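Each chain gets a letter, A, B and so on, in the order its sequence line appears, and its residues count up from 1. For clarity, every value in this text was computed on a predicted model and none was experimentally measured.
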Amino acid sequence: MPIKSYDAHQIEAKWQQYWQVHRVHETDLRGAADPYYVLMMFPYPSAEGLHVGNVYAFTGADIQGRYQRLRGHDVFEPMGFDAFGIHSENFALRINTHPMKLIPRNVENFRRQLRMMGLMLDWSHEVLTPDPDYYKWTQWIFLQLYKHGLAYRATAPVNWCPKCHTVISNEQVVDGECERHPGTEVERREMEQWFFRTTKYAQRLLDNLDWIDWSDITRNAQRNWIGRSEGAEVDFRLPGRDAALRVYTTRPDTLYGATYMVLAPEHPLVGELVSEEQRAQVGAYIERARKMRAADRTDEEREKTGVYLGAEAINPVNDQPIPIWISDYVLIEYGTGAIMAVPAHDQRDYQFASQFDLPIIPVIRPTGGDPPEGEAYVGEGVMINSGPYDGLPSQDCLRKITHDLAAQGVAQPRVQYRLRDWCISRQRYWGPPIPMIHCEKCGIVPVPAEDLPVRLPEIEDFRPDTPGGKPLERYKPFYETTCPTCGGPAHRDADVSDNFLDSAWYFLRYPSSHRDDVAWDAELTRKWLPVDMYVGGNEHAVLHLMYTRFLCMAFKDMGLIEFEEPFKKFRAHGLLIREGGKMSKTHGNVINPDEYVDEHGADTLRMYLMFLGPYTEGGDFRDSGIIGIRRFLERLHRLYWEVLTKRAADAPGAEPAASGGDAVPAWGALDRPTAIKLHQTIRKVGEDIESFGYNTAIAALMELLNTLRAAPALDAFALESLAILLAPFAPHEAEELWEMLGHEGSILAARWPQYDPALTVTEEVEIAVQVMGRLRGSVHVARDASEQVVRDAALAHESIAKHLAGKQIRRVIHVPNRLINFVAN
RNA sequence: GCGAGAGUGGCGGAACUGGUAGACGCGCUGGAUUUAGGAUCCAGUGAUGAUUCAUCGUGGGGGUUCGAGUCCCCCCUCUCGCACCA
């Protein structure tokens with residue numbers, strides 16, 4: 001039974017129950033004729049409950065899903081929980097509760113809130129990362145990568161967060177601080193870790209960015225992160241040694257200007273090259289650099305520091321010996337950890353040379369102009385002081401010098417990426433154990449696939465990094481095992497894998513979540529993947545989204561899947577702020593969706609969030625504005641109720657009176673202006689949804705409602721269309737209106753209305769009339785009227801005539817259906 | 001510093017390839033109705049001037065054009081990403 005007045009709670013409870021009972025949101029994955037996979041970034045189920053940022057993201061994705069469903073697709077819109085990881089673990093530690101107890105509670109609360117928001121989620125395919133049925137396959141993936149040489153173990157300087165008590169990846173380091181702990185300096189530690197060879201795919205990850213249909217902002221962030229540069233490796237001879245000092249440079253054209261070399265303090269040759277006289281100083285410098293906090297070391301404002309090694313290298317282009325220094329402005333991780341310094345043409349080198357009075361030799365002269373004073377000239381120009389290359393354009397020499405040196409065997413072209421391999425190991429408890437066994441005799445042995453999952457034991461003391469070692473190391477029943485190869489004593493890898501691995505493949509699991517014998521079902525995967533539409537926050541542009549792409553490429557090469565890009569479309573939503581400022585716990589201005597749903601209902605909250613601003617740019621949540629959406633829904637509901645009850649009353653008499661003085665539109669044929677508004681709105685809302693212009697789509701719905709309320713009469717097509725157009729935004733109310741219209745079952749069974757192109761244009765248009773480019777009035781003429789007609793109409797206009805009085809018309813500019821401009825003097 | 005984007009009423013924000021700036025909503029003003037209401041309905045709402053008229057108005061300054069929020073140049077501010085990556 002339809003509900004008379006707009007009572008959000010009653011309506012929303014009613015339809016949520018209906019959806020659940022009738023499984024309206026579940027998709028027949030195998031039988032689907034026209035699959036469309038909508039994905040939203042699954043949340044970490046925090047104890048605080050669903051964040052309004054999640055609601056914002058999910059609603060934007062849900063609109064796509066509902067719209068595609070109304071367009072006739074079989075839409076799959078799954079949800080799950082990313083409940084492993086440091087986030088959950090730290091919280092569990094803080095409140096002194098075991099995560100295995102904590103997580104189910106949080107998840108239950110999240111499910112409740114997600115249902116409350118009326119998302120079209122198919123809960124029958126939920127995944128939960130800490131579920132052994134899930135992480136069994138996370139471990140299996142690790143084994144696949146290992147098998148194909150993409151997982152390796154290495155001792156490398158890693159980022160250690162003293163608060164997390166674990167290593168974190170490069171991507172999780174922000175300005176030398178831990179992403180999770182602002183203000184906490186990341187330390188550098190040498191540790192043996194598992195890495196995934198993401199760098200192997202650097203070029204493909206970069207190349208595919210040219211064609212994948214993703215938000216530009218996200219693709220740009222990825223390009224930046226991959227950081228491809230082209231240059232050359234050049235060997236500088238070391239007098240009296242066999243070895244050469246190899247540097248990487250993007251500017252081989254400036255080789256003649258190299259007046260010194262700089263090694264990173266950690267460079268392996270430092271110890272060998274340092275002279276006796278300099279040894280003490282160099283040692284002290286290295287010690288100081290080692291202790292230096294990461295954020296300070298990378299502060300560009302800081303004065304350059306460094307120490308002379310007491311050794312020389314020979315510049316291969318002119319055989320000149322140049323001094324070798326060490327300085328912390330050279331990074332051991334990048335290139336070869338050593339540079340040739342060209343102070344005339346590199347700002348950093350210039351600063352360093354100025355600091356230590358090293359020679360500065362310009363080798364490129366800017367074309368048509370003088371080189372800048374007091375700084376390096378980094379542009380191109382004409383070669384000078386460069387022996388045989390003098391007079392050539394510097395750009396030509398980029399390749400030429402490399403080529404010539406390559407012929408002598410002392411240089412080679414080289415492409416360098418900023419992207420690093422993905423450090424997978426975490427010295428923590430709350431994650432999937434890395435499925436590897438360390439045997440004294442056999443070395444590193446993978447756990448046989450049939451032994452998966454390696455279950456995470458439920459241990460009481462899961463604190464990280466206590467004196468007894470890592471949590472899983474302390475727990476002997478887990479740690480001590482036997483070697484699968486030789487049967488001898490062995491121990492398990494005591495690390496767990498990075499939380500980002502859990503979320504790097506979850507979309508592959510959703511359709512196949514019922515299969516316990518394979519990670520993903522081949523047929524379902526072929527049918528449903530790649531994901532048609534992925535919507536999420538851009539904060540994951542270089543983390544999650546890079547890792548998923550890497551995994552897909554690896555899987556494709558292994559023959560496990562048939563595509564290499566996981567998401568056909570990805571759209572990044574903007575940031576939601578509140579009252580002009582950032583929303584955060586510290587500001588105490590975080591929006592709790594429950595409160596707003598309590599007060600106004602989920603449809604109002606959903607719609608308001610989408611109305612705030614352009615979805616891809618974010619919006620400013622102001623409490624004062626939400627009432628506008630609420631009023632809209634109330635007016636809408638009232639209109640339907642009044643028109644439809646009136647019609648029911650009129651129906652027996654068949655002939656509905658053309659409402660005498662009654663404000664309620666009658667039932668009958670639409671007048672033409674109303675019909676035009678309707679058809680224009682049908683077109684606009686569809687187009688706007690496809691381009692994520694939700695705010696303007698909602699504005700169009702409001703305009704349509706205003707028009708319908710003022711119309712003399714309405715018909716079924718108008719009311720049905722508006723209900724369907726509303727359905728992506730306010731799904732509960734749309735269902736209620738649909739029922740009021742006499743339909744049985746969900747509005748999702750309806751089809752998106754077709755607009756009639758002929759009815760999207762008026763037959764009369766208003767033409768702006770300008771005199772000398774200034775607006776002086778307007779005239780109404782028939783659509784597509786000729787210039788002559790418009791001109792005559794305009795000249796007949798008295799205010800136009802006034803402005804043209806005494807003037808001669810020199811020129812007339814006519815833009816059909818828009819304006820006419822008289823140029824006169 | 002580099003890269004990307006953005007500056008429009010009191011506020012959030014509209015404006016397709018240059019063509020009537022300010023859609024839609026909030027707020028505000030006036031009116032109607034109601035015992036009352038953070039209710040509903042109607043009208044108005046960029047600024048200035050005396051009205052139905054005019055002038056000025058899209059961060060600032062120049063320019064192109066019959067016509068510029070939109071295109072070009074310079075500057076200012078803000079947001080985001082990267083940041084001693086050689």
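- Taking atom C1' in both G60(B) and G7(B), one finds a spacing of 11 Å when rounded to whole Å.
- Closest approach of Arg219(A) and Ile212(A) over heavy atoms only: NH1-O, 3.2 Å.
- Taking atom P on both nucleotides, G69(B) is separated from U52(B) by 24 Å, rounded to a whole Å.
- Residue Arg709(A) places its side chain closer to C41(B) than to any other of G19(B), U20(B), C41(B).
- A side-chain donor-acceptor contact under 3.5 Å links Tyr329(A) and Asp349(A).
- With both ends at atom P, the span from U8(B) to C78(B) equals 14 Å, rounded to whole Å.
- With Glu634(A) as reference, Arg630(A) is the one residue of Arg638(A), Arg631(A), Arg630(A) to meet the salt bridge (Lys or Arg N to Asp or Glu O under 4.0 Å) rule.
- Comparing G61(B) with C76(B), their P atoms are spaced 15 Å from each other, to the whole Å.
- Residue contacts shown for Arg223(A) are absent, as no nucleic acid heavy atom lies under 4.0 Å away.
- Inspection of the Ser229(A) and Gln416(A) side chains reveals no N or O donor paired with an N or O acceptor under 3.5 Å.
- Between U17(B) and U70(B), the distance separating the two C1' atoms is 11 Å to the nearest Å.
- OP1 and OP2 of A86(B) both lie 4.0 Å or more from every side-chain N or O belonging to Tyr248(A).
- Atom P of U58(B) sits at a distance of 16 Å from the matching atom of U20(B), rounded to the whole Å.
- Among the heavy atoms of the strands lying under 4.0 Å from Gln770(A) is at least one base atom, whether or not backbone atoms are also near.
- Base orientation of G9(B): syn, since the glycosidic angle falls within 90° of 0.
- The same atom, P, is picked in C28(B) and in G37(B); the two are 15 Å apart, to the nearest Å.
- Within the 4.0 angstrom heavy-atom criterion, no nucleotide atom of any strand lies near Ser799(A).
- Counting to the nearest Å, the C1' atom of A86(B) and the CE atom of Met340(A) are 9 Å from each other.
- Of the N and O atoms on the side chains of Gln355(A) and Glu303(A), at least one donor lies less than 3.5 Å from an acceptor on the other residue.
- Minimum atom distance to the side chain of Met702(A) is reached by C24(B), of the listed G12(B), U20(B), C24(B).
- Ring geometry, Tyr596(A) versus Phe621(A): the interplanar angle exceeds 60°, so the pair is classed perpendicular (tilted spans 30 to 60°).
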inquiry  = Between Trp641(A) and Tyr6(A), does the ring-ring contact (aromatic ring centres under 6.0 Å, His included) criterion hold? Intermediate values first, please.
reply    = CA-CA 10 Å; Trp641(A) 183 267; Tyr6(A) 182 71; over 10 Å; no
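- Side-chain proximity of Lys304(A) to the nucleotides A54(B), G19(B), C84(B) is greatest for C84(B).
- Across all strands, Arg622(A) comes closer than 4.0 Å only to sugar-phosphate atoms, never to a base (heavy-atom distances).
- In this structure, the CD atom of Glu333(A) is 13 Å from the C1' atom of A86(B), given to the nearest Å.
- Closest approach of Phe632(A) to Met607(A), counting heavy atoms only: CE2-CE, 3.4 Å.
- Side-chain polar atoms of Thr305(A) and Tyr285(A) form a donor-acceptor pair below 3.5 angstrom.
- If you check A86(B), A23(B), C84(B) against the side chain of Glu703(A), the one that comes closest is A23(B).
- With hydrogens and angles ignored, no donor-acceptor pair under 3.5 angstrom links the side chain of Arg776(A) to the base of C53(B).
- Backbone-only contact: Val823(A) has heavy atoms under 4.0 Å from sugar-phosphate atoms and none from a base.
- Mapped onto RNA chain B by nearest heavy atom, Glu766(A) and Met772(A) fall at different nucleotides, with Glu766(A) at the one closer to the 5' end.
- The distance between atom CE of Met607(A) and atom P of C26(B), rounded to the nearest whole Å, is 13 Å.
- By the 6.0 Å and 45° rule, Arg223(A) does not stack over the aromatic ring of Trp214(A).
- Across the protein-nucleic acid pair, Asn706(A) atom CG and U40(B) atom P stand 14 Å apart, rounded to whole Å.
- For the pair Ile820(A) CD1 and C66(B) P, the computed distance is 17 Å after rounding to whole Å.
- Within the nucleic acid shown, Lys582(A) comes within 4.0 Å of sugar-phosphate atoms alone, with no base atom in reach, counting heavy atoms only.
- Regarding contacts with the backbone of G5(B), every side-chain N or O of Asn220(A) stays at 4.0 angstrom or more from both OP1 and OP2.
- Using a 4.0 Å heavy-atom cutoff across all strands shown, His345(A) reaches no nucleic acid atom at all.
- Residue contacts shown for Asn538(A) are absent, as no nucleic acid heavy atom lies under 4.0 Å away.
- Rounded to whole Å, the C1' atom of G62(B) lies 14 Å from the corresponding atom of A68(B).
- Computed from coordinates, the Arg631(A) CZ to G38(B) C1' distance equals 8 Å when rounded to whole Å.
- Taking the side chain of Lys802(A) as heavy atoms from C-beta on, and the options C53(B), C66(B), C84(B), the nearest nucleotide is C53(B).
- As rounded to whole Å, 7 Å separates atom P of G25(B) from atom CZ of Phe611(A).
- Distances from the side chain of Arg774(A) to the nucleotides U55(B), G25(B), A86(B) place U55(B) closest.
- No cation-pi contact links Lys304(A) to Phe352(A), judged by a cut-off of 6.0 Å to the six-membered ring centre and 45° from its axis.
- At the heavy-atom level, Arg635(A) lies under 4.0 Å from the strands shown only through sugar-phosphate atoms.
- Residue Asn821(A) is classed as a base contact, given a heavy-atom separation below 4.0 Å to a base.
- Counting non-hydrogen atoms under 4.0 angstrom, Ile627(A) reaches the backbone sugars and phosphates but no base.
- Phosphate proximity of A86(B) to Arg251(A): absent, as no side-chain N or O sits under 4.0 Å from OP1 or OP2.
- When base pairs are accepted only as Watson-Crick or G-U wobble with both N-N or N-O distances under 3.5 Å, RNA chain B takes part in stems of 3 or more pairs at B:1-7 with B:76-82, B:10-12 with B:24-26, B:27-32 with B:40-45, B:46-49 with B:53-56, B:59-63 with B:71-75.
- Here Gln416(A) lies out of heavy-atom contact (under 4.0 Å) with every strand.
- Taking atom CD1 of residue Ile217(A) and atom P of nucleotide C80(B), one finds them 11 Å apart after rounding to whole Å.
- In the set C42(B), A23(B), C82(B), A23(B) carries the atom at the smallest distance from any side-chain atom of Ala699(A).
- Distances shorter than 4.0 Å separate some side-chain N or O of His803(A) from OP1 or OP2 on A54(B).
- Glu375(A) comes within 4.0 angstrom of nothing in the nucleic acid, heavy atoms only.
- Asn224(A) contributes no side-chain N or O that forms a donor-acceptor pair with the base of C82(B) under 3.5 Å.
- With Leu612(A) as the partner, the side chain to side chain contact (heavy atoms under 4.5 Å, CB included) test is satisfied by one option alone out of Ile577(A), Leu576(A), Asn695(A): Leu576(A).
- Base engagement by Leu819(A) is indicated by at least one non-hydrogen atom pair under 4.0 Å involving a base atom.
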